[in-house]
Amino acid sequence: MAKRPFFSPVSVEEFSEGARPLYIERFVDFKYFTGFALGQKRKSIDSFHKAIHEIYPQAKILEISTKSSEELGRALSAFNLQWRSRIGNFYVESLYQGSKVFKNGGPYKEIRNMSAKEAKADERLRNSGEVVGFFFQEKNWPINPPFMFYDHLYIKSLTTNPELHAPLMEFDAFTDIEFNDKKSINCQARAVAIFVTLKRLGLVSEYLKNLDKFQTIYDNQILI
């Protein structure tokens, strides 16, 4: 058995009621199938989603990872999603890894031009000491709140892929089978839930431009 979180965006009505969270994190227990094979991962995803449906029968759930059975879910993986810009396209995972500042080095900006798989495997990420911050677009980012830089980077990248926005609005729960809150910090399913809420509210640009406001997302977090 495993206990993992899933993330829900907030509706305009819920946001207007006063609590003002931009996402809700809930935990469920489900049977986890060990192994790295795609078939095993998808069995775990099905089990995960079944457990969610037992509590929230009407939930429309999307797995956000390379293991997703949905093309949209695979496209939204940080290994596949790209920041599209005038100077080129860059994988979210590569940008994130290439923006880390370590106690003994970094950021290793050339990692940003690698494939996501190459970026993740770069030995310098493991041999440069602890992460002390991030540096991206000539700006220093703190490591606290722990996942603010990742979420901001992911959501900003998603804004450069407008063809993915409308399909996302059809879902009200997001999972990431690769995310284990006991071992990991960043979660693409969380970032997607935040984006969907901001999109519903018409506030994506406002929150991306104002980092103090973006940071308040985590002040209002709700865990269930």
Side-chain angles (χ1 to χ4, degrees), residues 1-81 92-93 96 145-148 150-152 154-155 158 164-165 167-201 216-224:
M1 296 292 288
K3 185 172 186 175
R4 298 284 176 81
F6 68 98
F7 301 87
S8 300
V10 176
S11 68
V12 175
E13 293 75 22
E14 289 171 317
F15 184 81
S16 300
E17 288 177 358
R20 293 179 177 267
L22 289 181
Y23 71 95
I24 298 173
E25 183 176 355
R26 299 177 173 92
F27 286 80
V28 293
D29 295 300
F30 64 97
K31 183 177 180 180
Y32 187 87
F33 295 84
T34 59
F36 295 101
L38 179 59
Q40 292 296 95
K41 292 290 185 180
R42 289 189 173 169
K43 284 181 182 178
S44 293
I45 293 168
D46 289 343
S47 176
F48 194 178
H49 289 190
K50 181 180 179 181
I52 296 171
H53 277 137
E54 288 176 356
I55 305 171
Y56 306 100
Q58 304 305 316
K60 296 180 180 178
I61 312 166
L62 181 65
E63 165 70 15
I64 309 290
S65 75
T66 58
K67 307 304 187 296
S68 180
S69 60
E70 299 284 341
E71 183 178 350
L72 177 61
R74 295 192 298 273
L76 288 164
S77 163
F79 271 60
N80 293 325
L81 184 68
V92 172
E93 184 67 27
Y96 176 73
F147 25 78
M148 182 173 74
Y150 180 89
D151 289 348
H152 191 279
Y154 185 101
I155 292 169
L158 185 49
L164 300 178
H165 298 178
L168 266 181
M169 298 301 114
E170 302 297 319
F171 296 91
D172 46 32
F174 302 100
T175 61
D176 177 359
I177 197 63
E178 302 289 11
F179 177 68
N180 183 337
D181 64 299
K182 299 295 189 297
K183 300 178 180 179
S184 308
I185 295 175
N186 302 311
C187 182
Q188 48 210 3
R190 178 196 293 116
V192 169
I194 294 170
F195 172 81
V196 171
T197 297
L198 291 175
K199 186 73 174 175
R200 288 173 175 174
L201 297 169
T216 65
I217 292 171
Y218 311 103
D219 297 335
N220 297 315
Q221 179 186 357
I222 290 180
L223 293 118
I224 298 176

(message) Between Ile194 and Tyr154, does the side chain to side chain contact (heavy atoms under 4.5 Å, CB included) criterion hold? Intermediate values first, please.
(response) CA-CA 10 Å; Ile194 294 170; Tyr154 185 101; over 6 Å; no

(message) Can you tell me how far apart CG (Leu62) and CD (Glu170) are? Round to the nearest 0.5 Å.
(response) 11.5 Å

(request) Please check if any side-chain donor atom of Asn186 sits under 3.5 Å from a side-chain acceptor atom of Tyr96, or the reverse. (result) yes

(message) Donor-acceptor check, side chain of Glu25 to backbone of Pro5, threshold 3.5 angstrom: yes or no?
(response) no

(request) Just do the ring pair (Phe, Tyr, Trp, His ring centres under 6.0 Å) check on Phe195 and His165 with the steps written out, would you? (result) CA-CA 9 Å; Phe195 172 81; His165 298 178; 4.9 Å; yes

(message) Treating Ser47 as the side-chain partner and Lys31 as the backbone partner, does any N or O pair qualify as donor plus acceptor under 3.5 Å?
(response) yes

(request) Please say whether the positively charged group of Arg190, taken as NZ for Lys or CZ for Arg, lies over the ring of Phe147, i.e. under 6.0 angstrom from the six-membered ring centre and within 45 degrees of the axis. (result) yes

(message) Please check: side-chain N/O of Asp176 versus main-chain N/O of Ala189, any donor-acceptor pairing under 3.5 Å?
(response) no

(request) Ignoring hydrogens and angles, tell me if any N or O in the side chain of Ser44 forms a donor-acceptor pair with the backbone of Phe33 under 3.5 Å. (result) yes

(message) Glu70 vs Ser68, test: side chain to side chain donor-acceptor pair (under 3.5 Å). Steps then yes/no.
(response) CA-CA 5 Å; Glu70 299 284 341; Ser68 180; over 6 Å; no

(message) Do Asp46 and Lys50 make a side-chain contact, defined as non-hydrogen atoms from C-beta onward lying under 4.5 Å apart?
(response) no

(request) Indicate yes or no for a side-chain donor-acceptor contact from Thr197 to the backbone of Ala193 under 3.5 Å, with no hydrogens or angles considered. (result) yes

(request) For Tyr56 and Arg26, test the side chains for any donor-to-acceptor distance below 3.5 angstrom and give the result as yes or no. (result) yes

(message) Is there a side chain to side chain contact (heavy atoms under 4.5 Å, CB included) between Asp172 and Gln58? Walk through the geometry before answering.
(response) CA-CA 9 Å; Asp172 46 32; Gln58 304 305 316; over 6 Å; no

(request) Evaluate the ring planes of Tyr23 and Phe7, with Trp represented by its six-membered ring, and classify them as parallel (under 30°), tilted (30 to 60°) or perpendicular (over 60°). (result) tilted

(message) Please check this pair: side chain of Arg4 against backbone of Asn180, looking for a donor-acceptor N/O pair closer than 3.5 Å.
(response) no

(request) Could you give me the CA-CA distance, side-chain angles and deciding distance for Phe171 and Leu72, then say whether side chain to side chain contact (heavy atoms under 4.5 Å, CB included) is met? (result) CA-CA 11 Å; Phe171 296 91; Leu72 177 61; 3.9 Å; yes

